[in-house]
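Step one of this worksheet: look at the structure below.
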Amino acid sequence: MKLDSNRIPILQEMLTLLEQGFSSLPDTRDSVDEDALREVLFEVAERMRDNYPYQHPLYAGQMLKPPHPVARLAYALSLWINPNNHALDGGRASSAMEKEAVAALAGLFGWKTHLGHLTSGGTMANLEALWVAGRLKPGLSIAASEQAHYTHERISQVLGLPFRSVPCDRSARMDVDILARMLGEGDVGTVVATVGTTGTGAVDPLAEILELQKRFGFRLHVDAAYGGYHVLTGNLRTDTRRAYDLLGEADSIVIDPWSVRAPVPQRLPSGPPNVSCPWSGEASSPACWNAHGRRRFSSASVSAHTPGFSRCSSPSSTSWCGRPKLTVSA
Ligand SMILES: Cc1ncc(COP(=O)(O)O)c(C=O)c1O
């Protein structure tokens, strides 16, 4: 297959436009040795050929897919500037763009008043959200289902918070009866509900968890890193739709834009849906190819922040907090 390189001229065109914005500055030249540069790129290109063909629409062995062409080009364009969004005055234009991006993500869940920011990934976003949770519920446990992303337990360890694993029901969703019993013991400060588990795409029963929140007053963090974007789909099962419609009730949400896939081409090569992979290590994996190149879920990232704490950014995930009373920057 061909890689999407035919759009490089568009990038070149936009670089010229970007350059014009700085035309009043004195000219400079870098001192990079182009032969050495070519040598390095040659080695990278050659070595990268041994990766799985993530970019092929028929490849489904890994959840990550290349970004949409517009995201790829926009990201490349931004690297010629490499702005510093650590503070609003550190990256004037790009911080404003970050705020717009986060507002658009918050809008997916009906949040008009929100605080959030972009992070390097879902794990960092969850870490920030649970850090806030730990500050608000000091010493109390974080509870997440046994199907929650494995990093929640590790994050709790890093933050020095006790972690409790909640068993799941037969549909791989958090068992709310067991959760209720645990909450009755009084040591759970935060519940992490997963909306789209990594393993099965299961959606924890948010309505029931929110009912329990009224009784027990815990903080509710939703890890929608993998499944969050399904809020946009129109064909969810009724109970799943109900959970998505309630996402705005959470105290914080993580959503990962990496999970949004580039469009699958209209015309796919014909052939059996499952064929063996020519790439090492996955020779017999049935997940290697499928007819649509899609996994059940794809997603974006968010977490919560407290006033005065720094923001960080890289255009992969987002972090925010839905309740202004609780925090601020996210
Ligand atoms: C439900 C869930 N949470 C968190 C993460 C971690 O996200 P990241 O890989 O962006 O750090 C993932 C990754 O697959 C996930 O599926």
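Not measured: the values here are computed from a predicted model. Index from 1, following the sequence. When a ligand or atom number is given, it counts from 1 through the structure's own listing order.
- Of the possible donor and acceptor atoms, one in the side chain of Asp33 sits under 3.5 Å from a partner among the backbone N and O of Asp35.
- Taking a 4.5 Å side-chain heavy-atom cut-off between Ile, Leu, Val, Met, Phe, Trp and Tyr, the cluster of Met48 extends to Val40, Val44.
- Heavy atoms of Thr151 stay at 4.0 angstrom or farther from ligand 1.
- Among residues two or more places apart in sequence or in another chain, the side-chain contact (heavy atoms from CB on, under 4.5 Å) test is passed with Arg154 by Tyr150.
- Not a single donor-acceptor pair under 3.5 Å links the side chain of Arg215 to the backbone N or O of Gly184.
- Geometrically, ligand 1 and Asp223 share a nitrogen or oxygen pair separated by less than 3.5 Å.
- An N or O contact shorter than 3.5 Å is missing between Thr197 and ligand 1 by distance.
- Asp187 has no carboxylate O lying under 4.0 Å from a charged side-chain N of Lys137, or vice versa, which leaves the two without a salt bridge.
- Listed by number with element, the atoms of ligand 1 under 4.0 angstrom from any heavy atom of Thr198 are 1 (C), 2 (C), 14 (O), 15 (C), 16 (O).
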Practice item. Dump the intermediate steps for salt bridge (charged side-chain N to carboxylate O under 4.0 Å, His left out) on Arg241 and Asp245, then the final yes or no. Key: CA-CA 6 Å; Arg241 181 75 260 166; Asp245 289 344; 3.2 Å; yes
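- In summary, the atoms of ligand 1 found under 4.0 Å from a heavy atom of Gly121, numbered by their order in the structure, are 10 (O), 11 (O).
- In terms of polar-atom proximity, Thr194 is not counted as a contact of ligand 1, lacking any N or O under 3.5 Å from an N or O of the ligand.
- Looking at Leu127, Val195, Thr123, it is Thr123 that brings a heavy atom closest to atom 11 (O) of ligand 1.
- Considering both main-chain and side-chain atoms, Gly122 comes within under 3.5 Å of ligand 1 through a nitrogen or oxygen pair.
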